[in-house]
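Have a look at the structure below, then the notes.
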There are 2 protein chains.
Amino acid sequence: MGTTGRKLRADAERSIRTIMEAAERVLSENPGATMEQIAEAAGVARTTIHRRFASREALIDIMTVAAWREIAEAVDAARPSTAPPQVAMYQATVNVLRVKSGWRFALTNRGPLSGEAARIEADVIAKCDLAIRRGQQEGAIRPDADPLWVRRVYLALLTEAAHGPHPGHAGPCGEAAPAETPAETDADIDELATRVMDTLIRGFGPARPEADRPRED
Amino acid sequence: MGTTGRKLRADAERSIRTIMEAAERVLSENPGATMEQIAEAAGVARTTIHRRFASREALIDIMTVAAWREIAEAVDAARPSTAPPQVAMYQATVNVLRVKSGWRFALTNRGPLSGEAARIEADVIAKCDLAIRRGQQEGAIRPDADPLWVRRVYLALLTEAAHGPHPGHAGPCGEAAPAETPAETDADIDELATRVMDTLIRGFGPARPEADRPRED
DNA sequence: ATTATCAGGAACATGGGTGTTGCAATTATC
DNA sequence: GATAATTGCAACACCCATGTTCCTGATAAT
């Protein structure tokens with residue numbers, strides 16, 4: 001029913017959005033959450049969800065596709081194939097972090113994707129690999145580094161930056177309470193992106209002499 | 001029933017081990033797997049599992065504790081508080097990778113831990129943080145790096161190294177088929193550990209001049 | 001060999017989530 | 001205002017996993 005061709009009334013489409021947002025919120029804290037819980041969070045009867053989404057699985061699938069579409073947009077907006085690799089990757093990192101914080105659940109790895117989501121993911125991955133290759137040719141990334149490993153590390157860093165605790169607050173153990181998304185400011189996201197790129201390119205080793213990096217104070 | 005004080009017969013203890021191993025195997029590929037599926041994989045009747053473990057949750061809890069105990073051993077075996085930070089972290093990485101590959105599911109983040117597992121985890125985290133602090137004092141890790149971020153990156157790298165595709169094989173997309181654990185050799189694990197430490201300390205930036213690292217050919 | 005323990009198997013009770021249907025009340029759309 | 005769509009609500013059937021019980025035959029321990 002989700003992708004039936006007929007035109008929906010305005011309030012119906014509003015319902016769909018509300019449901020997906022609530023589902024994202026609830027499922028990101030409890031991936032096994034019930035349709036009932038999702039409905040309650042959305043302020044909607046459970047039957048309404050079933051009216052708009054054929055099944056629980058369908059709901060999640062549609063959310064996943066929507067999320068990956070936004071990711072693809074975020075990547076393309078960074079002009080990864082024309083801009084210089086460094087600035088493209090930084091910009092892509094910023095954009096993707098923003099999207100990821102809004103699709104915490106939908107973009108979580110729950111086994112391999114399928115259908116359109118898989119196609120979009122493959123496309124994004126390809127662009128990511130291209131950027132890495134260009135980074136190597138340009139000298140920003142060591143040529144002897146395994147591109148696959150670089151990509152995996154980059155993606156892992158993205159996930160860490162998007163889903164972990166924030167720079168400011170540090171609980172006793174750090175990640176015990178990821179409860180709320182504290183409405184990331186642009187400054188926050190910029191700092192996170194800087195962290196990711198810095199970690200990726202410089203690592204945590206001692207600062208380089210001023211040959212590579214102009215300054216650092 | 002699981003932790004009843006009475007002595008178990010030899011075959012009973014064998015059953016318990018078999019069940020936990022099968023559960024690890026099955027659950028690592030499908031976290032929602034049924035007791036029936038676990039039983040089948042273990043070559044055991046479903047009722048036998050319920051005889052040994054009070055509930056599904058109890059089974060998973062016990063597996064988690066067992067896994068974290070091994071992790072704690074692995075960390076301690078690297079003498080993290082006495083050996084030089086660099087070699088301690090490398091050795092700990094090797095040991096932990098070995099354990100992680102055998103407890104793929106039990107060591108997967110499924111929300112915050114509780115009970116003994118939580119205590120062990122906190123202990124391990126504390127040792128990890130100590131090593132990082134020592135690394136900073138010794139100069140292996142930049143002093144201006146946020147220790148919390150360093151730890152999170154390190155743990156993320158460990159997960160990537162342990163659960164991802166291996167150096168040799170690279171599928172079309174890379175991580176589509178993590179099906180089997182191809183019986184990691186010592187050489188494999190050493191390479192993975194080197195990757196993790198290299199990535200952590202050096203990053204993917206251009207190679208440093210020979211001030212820091214003696215050679216690299 | 002005797003005894004206590006263990007595993008297999010079938011049967012049952014239970015709970016809970018999913019998905020469906022029908023109807024009445026509300027609301028958008030024209 | 002007329003029409004069609006949308007929603008809430010209650011009720012229902014269904015499936016499936018969980019956990020329990022009881023009994024029989026096998027097996028370790030002494």
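Chain naming here is simple, since letters A, B, ... match the order of the sequence lines and numbering starts at 1 in each. Keep in mind the model is a prediction, meaning the values are calculated, not measured.
Of the inter-residue distances, the one linking A:Met197 atom CE with A:Tyr90 atom OH reads 9.5 Å to the nearest 0.5 angstrom.
Look at CG on A:Leu59: it is 14 Å from C1' on C:dG19, rounded to the nearest Å. If you measure from atom CD1 of B:Ile19 to atom C1' of C:dC6, you get 12 Å, rounded to the nearest angstrom. For the pair B:His50 NE2 and D:dT18 P, the interatomic distance rounds to 6 Å; values are reported in whole Å. Rounded to an integer number of Å, the gap from A:Glu13 CD to C:dT29 P is 10 Å. For the pair B:Ile16 CD1 and C:dT5 P, the interatomic distance rounds to 15 Å; values are reported in whole Å. B:Leu8 has its CG atom 14 Å from the C1' atom of C:dA7, to the nearest Å. Protein atom CD of B:Glu57 is 14 Å distant from nucleotide atom P of C:dG16, rounded to whole Å. With rounding to whole Å, B:Ile49 atom CD1 is found 9 Å from D:dT18 atom P.
Nearest heavy-atom pair across B:Ile16 and B:Leu8 is CD1-CD1, 3.6 Å. The shortest non-hydrogen separation linking B:Ala106 to B:Ala67 is CB-CB, 3.8 Å. The shortest non-hydrogen separation linking B:Ala41 to B:Arg25 is O-NH1, 3.9 Å. Scanning both residues, A:His163 and A:Lys100, for their nearest heavy atoms gives CE1-O, 3.9 Å.
Of the listed nucleotides (D:dG19, C:dC6, C:dG19), D:dG19 has the atom at the smallest distance from the side chain of B:Ser55. Of the listed nucleotides (C:dA7, D:dA11, D:dG19), D:dG19 has the atom at the smallest distance from the side chain of B:Arg56.
Within 6.0 Å of CD in A:Gln37 there are more than 12 heavy atoms belonging to other residues, nucleotides or ligands.
Checked for salt-bridge contact, A:Asp129 and A:Arg133 miss the test: no charged N lies under 4.0 Å from a carboxylate O. Between A:Lys127 and A:Asp123 there is a salt bridge, since a side-chain N of the basic residue sits under 4.0 Å from a carboxylate O of the acidic one.
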Heavy atoms under 4.0 Å is the rule here; annotate nucleotides 22-30 of chain D 5' to 3' with B where the base is hit, S where only the sugar-phosphate is, and - elsewhere.
-> -----BBS-

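No hydrogens or angles were tested; on distance alone, nothing pairs the side chain of A:Arg46 with the base of C:dG17 as donor and acceptor under 3.5 Å.
Side-chain atoms of A:Arg110 and A:Thr64 form a donor-acceptor pair, as typed in the model, at a separation below 3.5 Å.
For the segment residues 32-40 of chain A, the set of residues with a heavy atom within less than 4.0 Å of an atom of DNA chain D is empty.
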